[in-house]
Amino acid sequence: MATTALPSIPTADVGHGYTTTGLPHRKVAIWAFIGSECMLFASLISTYLIYKGRSVKGPFPHEPWTDPSTGHVFKPILNIPVTSCSTFVLLMSSLAMVLALAAVENRDKPKVTLGDRILGSSRLWLFMTALLGTTFLGFQAFEFTSFVHEGLSIRTNLFGSSFFTLTGFHGAHVTAGVIWLLTMLAIDFKRGLGPKDALNVDIMALYWHFVDVVWIAIFTLVYLIR
Amino acid sequence: MPFPSRPRRQVAAALAGAAVLAVPLLLAACDVKSYPNSTFLPHSEFGKAIDDLWNLLLQLGTLVFVFVEGLLVYTIIKYRRRPGAAPPRHVHGNTTLEILWTVIPAVILVFIAVPTVKTIFKTEARASADALQVEVYGHQWWWEFRYPQYGVTTANELYLPIGRKVNFALRTQDVLHSFWIPQLGGKRDLISNHTNYLWFTPDSTMSTSAWNGTCNEYCGASHANMRFRVFVVPPADFARWATHQASPAVFPVSTVAPPPPPAPAPAATPARRPAGRTASGAADAQPLVRPVANGALGAQAAADADAPTIVQGGSQAPDGDVFPRDSLRPNNIPTTPTPDGLTFTPGLVGDAGRGQKIYSISACIGCHTIKGNPSSVGITGPNLTHVGSRFTIAAGLYPNDTEHLRLWIKNAREMKDGVLMLTLGLNQIDPQTGIKVTAGGLTDQQIADIAAYLQALK
Amino acid sequence: MATTAAPTFATHTEYAVGEGWRAWLGTTDHKKIGYLYFFTALFFLMFGGAEAEMIRWQLRAPNEHFLSAETYNQIFTMHGTTMIFLVVMPMSAAFFNLLIPLQIGARDVAFPRLNAFSYWVYLLGAIFISVPIFFGAAPNGGWFGYAPLTTMPYSPGLNIDFWALGLQILGISSLAAGFNFITTIINMRAPGMNLMRMPMFTWMAFVVQFLIVLAFPVITIAVVFLVFDRFFGTNFYEIAAGADPLLWQHLFWVFGHPEVYILVLPAFGLVSEVLPTFSRKPLFGYPVMVYSGILIGVLGFGVWAHHMFAVGMGPIADTVFGVTTMLIAIPTGVKIFNWIFTMWGGSIHFTTASMFAIGLVGMFTIGGISGIMHSSPPADLQQTDTYFIVAHFHYVLFGGSLMGLFAGIYYYFPKLTGHMLDERLGQWHFWLNLVGSNLAFFPMHFSGLLGMPRRIYTYDANQGWDGFNMMSTAGAIIVGVASAILAINILISRKRGAPAGNDPWGGGTLEWSIPSPPPVYNFVHIPRVTSRYPMWDLTSPQLTADVPHTRAGDKSVEVDVAGVDAGHAGPRPGGAPAGRSPAPVVAAARIPTAEELGIPIPYTTLKPFFTALGLTVMLSGLPFAHADMPGIEYTLIFAGACTLVGSLFWWVTSPLEPEVAHSEHTH
Amino acid sequence: MSADSSHGTDASVDAVEHALGAEHEHPTWSVYWKIATILTVITVIEVWCYYLPGFVSTAFFVPTLLALSAAKFVIVVMFYMHLKYDHKLFRVLFTGPLIIAMIAITALLFLFGKLAIRTGLLT
Ligand code: HEA
Ligand code: HEA
Ligand code: CUA
Ligand SMILES: [Cu+2]
């Protein structure tokens with residue numbers, strides 16, 4: 001590069017794309033936000049693990065429990081097959097999300113085959129992501145209600161409190177993500193998303209994948225490890 | 001510029017002032033009379049281990065302090081702006097220096113860290129099995145002490161034998177508290193759903209001593225009023241004390257026994273009472289407790305299976321007063337003023353026998369235990385079995401004399417902020433609820449009787 | 001340097017907010033927001049200070065009853081909470097706002113509306129947490145609110161509700177600001193301002209933002225648990241359900257220890273600006289200062305359990321946390337020595353600002369040394385929860401954070417307002433503060449080691465504490481007088497102080513190249529930076545010749561406004577001492593407006609304010625659940641949530657600033 | 001972007017800013033599908049492990065599951081969140097906090113005796 005002094009930038013231009021790193025502000029911010037969320041979920045997960053096995057009464061995640069006062073036998077609470085399905089659903093939503101982003105980025109590329117057209121439809125993939133996210137939430141709602149029926153609520157014991165709070169926080173993140181996706185989908189239907197919207201979709205995607213990644217950790221630490 | 005040379009004079013003056021202030025203070029800190037709770041005077045091996053570490057910290061800290069502050073003062077005096085001086089050279093750093101002041105503190109820290117770690121592992125080893133076991137229970141806002149090896153339960157006053165290792169098991173019944181006797185070593189918290197341990201051996205250089213202990217973890221309204229006393233006595237005295245405390249409350253028989261001679265004569269109290277405290281005239285008018293026969297209770301006591309030693313009623317009851325009162329130092333005697341509006345009808349004479357009957361049908365029994373009084377088995381409040389032998393009431397807040405005991409029973413909630421014990425005096429207003437006590441409230445005469453009864457429980 | 005012909009804006013007049021107080025309510029200008037932070041924090045300093053004076057008055061002698069136990073407990077809790085969350089953090093935020101964009105040569109922060117939002121959340125949260133004290137219902141669980149004391153069975157009143165929700169609100173403010181400043185510092189530095197040329201204050205602010213975004217989520221979760229326990233009957237701190245009170249302690253201190261560095265690093269940054277200017281020498285060992293700041297931040301996450309040496313964690317944990325705590329002395333020591341060597345060989349000019357900075361170096365060292373004394377776990381068993389700790393943290397907080405912020409106030413007040421603070425009052429403030437705070441806090445070392453527990457509203461006579469408490473109270477009164485002088489000085493000088501000019505002190509960093517107070521757009525041209533002290537390169541090139549430059553001879557900082565008054569060689573004492581005529585401040589040429597320069601300025605907007613309002617109203621509904629007023633509870637929650645969602649939507653869908661119409665800038 | 005040309009370019013400017021250069025190629029659609037398959041397979045293996053009583057009782061169970069989920073975690077972050085292809089700065093912004101978070105979790109588990117070291121000392 002030239003060694004002479006480059007001209008200063010008129011401040012009039014700074015609002016228009018100039019950044020020191022060349023990266024958009026919002027993308028830097030979302031990564032900082034994700035870093036911060038790591039600590040949020042770390043606190044929740046630690047609490048769950050610390051309280052695991054400390055409840056003075058059941059029901060428990062992996063072991064059956066007989067209530068000494070009533071003699072009622074509680075099954076192990078966690079339902080691995082169901083949660084495995086919802087985990088799979090959430091993983092697939094991440095796939096849909098990357099495809100949606102790719103579709104938005106490549107909006108202007110010519111689409112020859114039917115395959116191109118399907119893969120290139122941002123509406124389809126945004127919709128799929130939101131749908132899969134909603135399905136995950138449906139699974140969670142099912143899980144929560146069935147736990148309550150089986151005798152575990154957020155007030156029952158330490159396991160209940162920490163379990164519902166941890167998974168509830170995650171569910172709240174998914175819900176926020178679904179709303180975000182639906183908003184984006186609405187914009188797509190209204191005026192179509194193109195490369196200039198790629199940044200917005202990218203940021204949403206980063207958030208969405210992060211929520212997925214958190215679930216990967218939760219699924220192993222909470223459901224599978226006993 | 002505003003202050004060309006003043007900094008030098010002022011800084012020098014400030015330093016000199018600090019030195020003049022600090023040195024005598026440091027020396028004075030070792031004076032047990034003026035500073036009765038000083039941590040500089042350890043009386044156990046645990047305390048000494050900490051003190052050694054502390055001395056090291058103090059020396060190295062002083063070294064760093066003198067060096068850094070000296071360097072700072074020297075620099076600002078030497079390099080203050082002088083008129084006409086050339087502008088300073090722009091120095092950006094000096095690697096050697098910077099390495100030096102990374103390494104030297106690191107070395108100092110090694111000197112701190114090594115003894116620290118050694119002391120950690122020494123003081124946190126398990127106590128030997130033959131140690132005296134004491135279970136400490138924290139309550140809002142008083143202390144319960146149990147000696148499982150002796151079957152003793154008492155409150156707010158801890159007796160320890162000289163020269164024997166004592167191992168405390170620390171638990172709390174409600175919120176967190178922290179157990180601390182400055183002269184005997186560091187503190188340890190009482191944590192719900194945990195048992196913590198702390199041990200030390202009160203050393204034998206003094207024949208007897210009384211220390212003040214405190215609660216050090218903020219635990220609510222009366223955290224400040226959660227104090228206790230520690231009496232370190234020769235082993236024989238300790239054994240005598242423990243035997244006595246383990247026995248059920250024995251009610252002295254009036255016809256046989258003369259008034260117990262070394263009773264906490266209220267007449268003696270005013271002499272120790274510092275000026276300025278509200279005095280309610282009743283105290284001085286109160287004669288010694290009149291013992292009353294009570295065969296039934298004696299029999300009940302004999303039947304009490306818990307008691308390791310069965311003491312027959314009457315004057316043979318050992319004296320609960322193990323610790324010599326003359327050894328109490330001013331700091332052991334509470335000076336808390338009684339609340340302004342709270343008074344007691346002067347001239348009333350309490351009757352312990354009557355008091356025993358009233359006590360046994362009052363609210364008291366719902367919260368207090370008196371071993372030997374079958375109706376009194378509550379566990380919310382302190383065990384009152386030998387309450388008459390204690391020096392203080394209400395977790396070290398008031399001396400255990402007639403005046404304070406009566407006021408306490410009359411309106412404990414005025415006497416101590418936030419306390420759980422109810423306001424019981426007739427027509428008294430409960431400061432927590434604002435409700436006036438009417439039906440079931442105790443008259444002053446009844447209170448005087450109960451106080452007489454409690455004082456008789458030596 | 002000439003500006004190109006003014007571009008035309010496509011403005012949306014409907015987004016503009018009016019004049020006067022409405023302009024303040026809607027401002028998105030980082031300097032105005034800094035101004036708001038500054039005066040709000042100053043107000044709360046008086047508030048927290050008044051509480052401190054009440055504490056001291058109660059403790060002046062044994063067995064006093066100026067305050068009841070309950071009142072005292074509320075007052076000390078609010079004193080700690082106020083000083084930490086409503087004074088030092090926001091005062092630091094005032095400087096972040098004022099300085100970061102100016103020091104890195106930016107027009108504003110990355111997200112101006114988010115910035116306004118942070119302030120309003122802080123203000124409303126501060127009101128929320130402070131007002132109950134006037135009704136005797138203030139938080140009373142201590143500033144670290146240990147469970148289970150704060151749970152429903154032991155604190156059934158509303159007091160702790162206010163505390164928990166208040167902290168939650170304040171946390172949102174700090175987090176939002178954290179993301180904002182991280183982005184600003186990463187992304188809005190002027191060309192050439194690489195990380196190793198960033199002014200030290202900005203550097204320390206950068207570290208602090210990371211501490212904030214990593215530490216606050218943890219307290220958020222800890223408090224969420226508490227709120228759930230109190231409102232929804234969960235068991236996180238419920239002893240009967242087998243809960244472990246240490247969970248709260250660990251989560252709190254995982255946040256709490258980084259928090260203390262959040263409190264002190266901005267002050268360190270300010271001192272690192274003040275000392276070079278008044279020694280006329282660059283900061284000694286700049287790279288090491290940067291690394292030590294980062295190291296303090298990183299280590300700060302690994303030492304939290306040193307607040308828990310008495311809880312019985314076991315020897316291994318005690319060892320690990322004791323040793324990591326000691327390690328922090330090394331980077332901190334590096335800072336202390338580098339400051340001293342910044343002055344060494346310099347030409348130290350004693351102004352109030354530099355004296356406070358020097359005061360920090362002296363006072364913080366004392367607090368640091370007592371910190372090291374706590375870091376030895378067995379020794380700490382004799383110290384913890386006594387006045388010895390109170391002495392430690394007032395030396396680091398008062399002697400560190402507050403002294404540093406005072407230095408910053410005297411140094412940057414001219415930049416903020418365009419007027420100098422009065423130096424004579426400043427000298428009074430400094431000396432009374434130095435004497436008073438030492439008199440107040442030094443004796444606490446003794447009362448602590450002589451057995452006095454902290455957080456006691458009363459104590460018995462004859463314990464050997466009377467004299468020390470008397471001294472502390474006397475000292476506190478002196479500090480109170482000093483603070484009153486500061487308040488008077490600020491109120492008077494705000495409008496009537498001597499005019500400051502661009503650069504009253506001869507500073508070396510970019511903020512001194514522009515007028516005081518800076519125009520709304522800050523810089524006409526974003527300068528190109530070639531060294532750490534661009535202004536000194538400009539004003540006294542002969543001195544900075546051996547400064548590490550990237551390109552020798554490249555001195556392209558532009559000073560935007562005519563009548564520059566920058567001088568490295570000598571100060572511009574706006575508030576010159578009596579008997580001297582103030583140095584002439586060259587009248588600045590007319591400062592061009594943003595429109596003339598074609599610089600788009602973010603619209604003033606009430607949306608952030610309403611979003612903050614909605615948030616606070618929503619959360620303030622909750623305590624009514626415990627006051628048995630479900631009607632009010634649900635109304636507030638519903639109204640708040642609607643306001644929140646509505647204004648947020650309105651905010652996200654409205655443009656930040658006018659769009660520039662001319663073609664070459666569209667993307 | 002026009003601004004790119006005017007921003008600092010000399011080599012000594014610090015690494016964080018300039019190590020990246022231009023944006024790398026993003027993975028293609030087929031890569032995304034392959035990754036989804038890998039993720040699914042790993043998940044299946046995880047669940048399968050859970051149903052092997054003989055394996056669950058061994059000391060390998062927990063580490064295996066942790067390793068498998070860590071692998072999934074890394075894959076999603078690297079490819080779906082395209083951290084592998086993106087600016088280094090983002091890697092720092094993410095991994096720094098992640099490391100602190102993991103250390104905090106581990107330390108807390110030690111402190112609460114979930115990962116015990118037995119010493120025969122007071123606890
Ligand atoms: C600004 C805030 C701040 C800062 C910067 C610090 C800095 C430090 N703190 Fe402090 N601390 C608090 C605020 C702060 N603290 C508060 C508020 C509390 C109480 C909370 C509560 O309970 O309410 C507390 C409590 C506290 C405790 C718990 C005490 C207890 O409750 O039992 C401990 C224990 O280790 C501790 C240690 C330290 C250490 C080692 C440092 C170090 O960072 C200090 C390092 C600095 C130096 C050492 C000086 C300079 C160095 C040199 C000149 C080099 C040479 C020196 C040596 C080799 C020694 N602090
Ligand atoms: C930055 C933080 C900070 C600052 C600056 C201070 C400043 C002061 N603090 Fe405080 N303090 C804490 C943080 C701070 N404190 C914390 C965290 C605690 C622990 C709380 C807890 O245990 O939970 C604490 C606790 C604490 C205690 C212990 C209470 C106890 O344990 O029982 C004491 C006792 O003396 C004390 C005293 C003082 C004094 C005298 C000042 C003085 O420096 C104050 C000087 C005064 C002013 C700065 C204002 C001047 C006021 C006026 C001029 C009046 C005008 C009034 C109006 C206009 C309305 N503080
Ligand atoms: Cu018990 Cu404080
Ligand atoms: Cu700390």
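All values derive from a computational prediction rather than experimental measurement. Protein chains get the first letters and strands the later ones, always in sequence-line order, with residue 1 at the start of each.
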**Student:** Tell me, out of A:V28, A:D212, A:T87, who's got the most heavy-atom pairs with chain D below 4.5 Å.
**Tutor:** A:V28
**Student:** Identify which one of A:L95, A:L91, A:V213 satisfies the side-chain contact (heavy atoms from CB on, under 4.5 Å) criterion when paired with D:Y80.
**Tutor:** A:L95
**Student:** Counting C-beta onward and ignoring hydrogens, is there a side-chain heavy-atom pair between D:H82 and A:V98 closer than 4.5 Å?
**Tutor:** no
**Student:** I need the A:F219 CZ to D:T43 OG1 distance, nearest 0.5 Å.
**Tutor:** 7.0 Å
**Student:** Of all heavy-atom pairs between D:Y50 and A:Y223, which one has the smallest distance, and what is that distance?
**Tutor:** CE1-O, 3.7 Å
**Student:** Might you point out which heavy atoms bring A:A42 and D:A101 nearest each other, and give the distance in Å?
**Tutor:** CB-CB, 3.7 Å
**Student:** Measure D:F90 against the heavy atoms of chain A and call it side chain, backbone, both or neither at under 4.5 Å.
**Tutor:** both
**Student:** Which bit of D:S69 is near chain A, if near means a heavy-atom gap under 4.5 Å: side chain, backbone, both or neither?
**Tutor:** both
**Student:** Is there side-chain contact between A:S84 and D:W48, with heavy atoms separated by less than 4.5 Å?
**Tutor:** no
**Student:** Taking all non-hydrogen atoms of both residues into account, name the closest pair between A:A32 and D:L93 and its distance.
**Tutor:** N-CD1, 4.2 Å
**Student:** Using 0.5 Å steps for rounding, measure from the NZ atom of D:K88 to the OG1 atom of A:T21.
**Tutor:** 14.5 Å
**Student:** Out of D:L65, D:V62, D:L68, which one pairs with A:T220 under the side-chain contact (heavy atoms from CB on, under 4.5 Å) rule?
**Tutor:** D:L65
**Student:** Under 4.5 Å heavy-atom distance to chain A, tell me which part of D:F61 shows up: side chain, backbone, both or neither.
**Tutor:** side chain
**Student:** For a quick test of reading the model, state the closest non-hydrogen atom pair linking A:I34 to D:M81 and the distance between them.
**Tutor:** CD1-CE, 3.9 Å
**Student:** With a 4.5 Å cut-off on side-chain heavy atoms, are D:L108 and A:T47 touching?
**Tutor:** no
